[in-house]
Structure formats: structure tokens, C-alpha cells
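Predicted, not measured: the structure shown is a model, and the values here were computed from it. In each ligand, atom 1 is the first atom listed, and ligand 1 is the first ligand listed. Sequence positions, counted from 1, serve as the residue numbers for this chain. Reckoned from all heavy atoms, side chains included, excluding hydrogens, waters and symmetry mates.
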Amino acid sequence: MGVSPGFRTHRHRKAGVNALRLIGFIFVKGLLSLMAAMEKIVSLCKRRGFLFQSSEIYGGLQGFWDYGPLGVELKRNLKDAWWRDMCSGHNEMVQPAGAPSTFDMVGLDSTIIMHPQIWKCSGHYDMFHDYMVDCRESKKRYRHDQVRGRWVSHPDATAAAKIFVTTMAEADEEQAEIQHRALKYFKLRPKDAESLVYDGPSTTLDTVDEFSIVLGPDAKTLGTLTEPREFNLMFKTTIGALGGEEDYAFLRPETAQGIFVNFKNVLDSSRISVPFGIAQVGKSFRNEITPRNFTFRSREFEQMEIEFFCHPNSSQDWYRYWRDRRLAWYQTLGLSRESLLMREHAAEELAHYSVGTADIEYAFPFLPKGEYGELEGIAHRGDFDLRSHMEGKLDPSTRPMVVELDELGKPRHRGSGRDLTYRDDITGERFTPHVIEPSAGADRGALAFLCEAYHEDEAPDENGKLQTRVVMKLHPRLAPIKAAVFPLVKKDGMPELAQEIYAELKRDLAVFYDEKGAVGRRYRRQDEAGTPYCITVDTESLTTKTVTIRDRDTLEQTRVKIDELAAELKRRISS
Ligand code: ATP
């Protein structure tokens, strides 16, 4: 959800166990244990070159990730699919199903570093924070809402009767770690575990008011955690050689503001009219206190955002349209409905200016059972952004909102003073458009598709014996390699013909050539890479000018004419 400074303090763990959803998820994953599945995915990502830890040879840098040869293709395919489906492929003359009317879509690529005033008017400067707690004993820093724990007591305890024992352990180790720490604190042995008395299930530290009876995640004594303090998540940098305080700037924490400040430029330079959307894909940076869960929470990541400008009267309809359309999009690319959740924010969770916000969430395997992680936020932002950049940062406590003033009665953060209103040529009405913002993360998206794609099943090897195989069932549009070309054996002219086919296909498809080792093993490697089709040149190919196409998911092999191969592959990929 782009700006959403007001939302940052509401990072909640998505509770609400949905047993059916969970059963569906487990079933899809072939009854793999959730965490074991995640470990396997992480290991495959490294082994096959999807993802590497940034700066690994120097020990790594927390919260930063590099995409390897397969990963870069996957993420690029995801961004391309988004761009094509949302922006470049949009036909402004056709009213899509569910849309209140026809509309225009255009793109933008704005800079990462922008005028610092932008972040003051957007609210990020004052409000884009997380709460964190420091441990006086371990000197470690934690995000307030990410520390989890349980209330525990022991009948024989002489000191504090009931304490809150915390941990930063992953979901599957959480209870074991809490028990271990509680036993240690109460000076008990493992065999006494039964005598510990728990009060309620595990919960986050932000539900606890009394810090003196909290056992910090890495502390031995009680009450070592400080009260939560605010921490601004924007990375600061300086412009130019002198680098004085007046030269500071920020790396953008979202791409959205680049769109708002270009609203007038885009409008004046394109023949578009409200309603229309501006799409942008690009890097964003947030100095997250505790980056975790693989790429899910990174400090450098990519966003795919749309700011959709519409008339205030139809904004609720547009909000619903975008919310539903974005949920459907994830499904068309292969995420199952059972592992997705559309979560409408409750009124108290909404930012001050927001009329409605929904998160599209995914059942990532690293989350506790029944919990979901945000993939994308769709927010109805009213006229907050355009007005803030015109008039100055608005005061969230006022209704209707007016510019926030300082002690001298002047605007706290001055706006651009530019007119960002819109005049409807037909009706003559002038108004400040309302904004609907579907804001997705490319890295979280890529991770969700990787998690969904991971399967283990059985396939026959070259001797017909069933073997366990790891297969990444990525949608063909997302698959890094669309097809692999193999000569069955490295002789009798098969490599030559296979190389000819490879060269021909390579002109407009990401294809891979492999002639090393047994063909079964070559199939297996492509299954792991998520390649949907393997093309094999065999003895028959030389005489009949045909090849076989093996389907990764069904294992079905069909024979097609070499002349028709490219068209057949394209048909399969786009269907
Ligand atoms: P969260 O509550 O998980 O921090 P958010 O609500 O702050 O997310 P938004 O400001 O709505 O996130 O950003 C839009 C999208 O950008 C998110 O839905 C997510 O896909 C992506 N995103 C945000 N922060 C990160 C991050 N630290 N790492 C990777 N992707 C992110």
C-alpha cells in the first residue's frame, strides 16, 4: 500500500486459523511439513541459482539478496507479466469485466532519489517508522511486534510468579525455545517441563504492558528490554561532494511518490483523461529492523505499483474493481485460491485518510499455521497524496483534513504549490482526483510463486524405475527457461539437428541446450529449474523431421513437426 505511514504500526501477524485452508495447503504440498518445505525451497534456490545471499563471500549482508541466473529470469518474467497485464497490454477502448468504465493506463520510471520535501509532505519523514525495543543485557535490537512469547509460571517459583518468556525463533521452533528458556529461568530440568503453567497461546510483545516481567529473547534476567522507541525506516544519503546537512536525501521507501509528483507531467504530456492509472516498477529501500524470512522482508526490494486516479464519486467502485482484479491476477499465474487470503482492514486499522484497504496475503510456508503474509496492498487513498503535494502535509487529526501547522502557525511541511487538480473537459468540473493504489512486491511475489511451485513427486527414470523428483511447477509465463532442447544421444547427427532447433527457438524464447549425461537426468535438472517443456531429438527426428515435447507436469510426450515446434511452444506458453 505505498505510503501508508499510518499503517506501519499495525504490522500484525495474520491470525484467524482457517483449518480448511490449511488442509488444502498441506495437501497441495504433498504433506510436506511446512518448515521442512521452506528449508527445501531455500536450499533449491541456492543450489539452482535462483537466489543468493548478497555479499556472501564476505559473510553476507542481512536483508539483501541477489538473484542468480534462474532467479533473475523468474523475477523479470513476473515483472513483465505484471507490466503487460496491467499496463502495456491494456486496451483503453474495451471496458474490462467488473470495471465501472473504460480507462487509460500509462507507465513511468521515476528516480530512486527525489527531493527530500517529497517525503516530508507524504508523511514518511514524520511517520514512516517501526517501534523497536533494545535489550540492555544482550545489546540486541528487536522489532516490537516481531518478538513473540508466552506467559509462563511455575508453582514453586519464588521470584516473579508469572513472566512473559520471549523468543525470536522461527514458528516451528517457537514453543520448544520458550519451554527451554522458561525451564532455565525457573532453574528446572527438562524432565520438569510438565510442571510449567502456560497462560494463553503465544502472542507478540506489543500485547504486553509490563516490561519488568518480560524475559528478553537473548536475556538471562527479567526486565532488560527498553520501552518501544520509534525508528525511521528510510535510508539517508547525501547528494554531492560536500554532504552537509542541507544536502541530505533519502532512498525512496516506495515507488508511489514518484508517480504522485509526476501526475501533472503525465497528464499534460499524454492524451489521457481521468480515470487513468500510472504504473511503475522499481527498487525501494527500507531499513527494516529485523529483515527475515528469506526475501520476504528485505531492505532493498522491488515494487510494482499503480496509482489509479478517478472521480471521487466512483472511487469506491474502482477500489472494489482493483481489489478483485489483483486477486484474480495471482491465480491466473498459478497461486491457488486456498493459499491466498483477501483481508479487508478493519476500520481501526485504516490510515486516517483511507476509506478502504485490503491486503492480498499468501500462506508462506515459513509462517505459523493459519497465518498469511502480505503480497500486495490495495488502498483507497482518497485525495490525501495529491493534496499533500499541493498544499503541504495534511494534519491527520482534522476532518476534513487541513494542512498541519507548526508553532508559528505556518505549514509544518510546505507543499509544491503546484495545481494538481483536474478539470473534466466534458463537464467542466474541477476536482482533486481520488487514488486507488494496488501496491505489490516483486520479491514477495517471486517468493510466493517459488513456494507454490515446489513439489515432490515420482517419475520414472531411464530404466523405468520410479524415482522421487523435485519439480518446480512454475506457470510457463514465469518459468525462467521455457524449453530445453536435447539430442537423445551425442551421435548420429542428433546434436547437430538439436543445435539447429535450439538456434531457431532462441530467437524469441528463453531456451536451454543440454547434451551431457543420461536424458533422464537432463529432464530431472529441468524439472528442478521449472522448465515446462523438454524437446528431444531422437533417431526418428532425423527421418520424419519431428521431435518430442515432454510436458513437465503431466510427463506426457507428444511428437510434433519441427516446422510447427515454435508455434506449438508459444501456444502452450500463452495458454
Ligand atoms: P509489511 O506490513 O509486510 O511491512 P507494508 O504494508 O509496509 O508491508 P507496503 O508499504 O504496502 O508494505 O508495500 C507494498 C508491497 O511492497 C508489500 O505488499 C510487499 O509486497 C512489498 N514490500 C514492502 N516492504 C517490503 C520488504 N521489506 N521486503 C520485501 N517486500 C516488501
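- Taking a 4.0 Å cut-off on heavy atoms, Leu375 registers as neighbouring ligand 1.
- Ligand 1 places these atoms under 4.0 Å from at least one heavy atom of Glu376: 18 (O).
- Residue Arg297 holds the heavy atom nearest to atom 1 (P) of ligand 1 of all those in Glu305, Gln303, Arg297.
- Proximity annotation for atom 27 (N) of ligand 1: of Ser298, Gly445, Gly373, Ser298 comes nearest, heavy atoms only.
- Salt bridge present: Asp385 and Arg381 bring a charged side-chain N and a carboxylate O closer than 4.0 Å.
- When side chains are defined from C-beta on, Trp82 counts as touching Ile306, because their heavy atoms get closer than 4.5 Å.
- No part of Asp359 comes within 4.0 Å of ligand 1, judged by heavy-atom distances.
- For Gly441, a nitrogen or oxygen atom sits less than 3.5 Å from a nitrogen or oxygen atom of ligand 1, counting backbone and side chain alike.
- Salt bridge annotation for Lys75-Asp443: present, with a cationic side-chain nitrogen under 4.0 angstrom from a carboxylate oxygen.
- Under the ring pair (Phe, Tyr, Trp, His ring centres under 6.0 Å) criterion, Phe308 pairs with Phe103, Trp318, Trp322, sequence neighbours left out.
- For a threshold of 3.5 Å applied to N or O pairs, the pair formed by Arg286 and ligand 1 contains at least one separation below that value.
- Here the shortest heavy-atom distance to atom 29 (C) of ligand 1, taken over Phe285, Tyr362, Phe296, belongs to Phe296.
- Heavy-atom separations between Glu254 and ligand 1 are all 4.0 Å or longer.
- Under the 4.5 Å side-chain criterion, counting only non-hydrogen atoms from C-beta, Arg323 is in contact with Glu344.
- For the pair Pro275 and Phe309, the minimum side-chain heavy-atom distance is 4.5 Å or more.
- The closest side-chain heavy-atom distance from Leu225 to Leu205 is below 4.5 Å.
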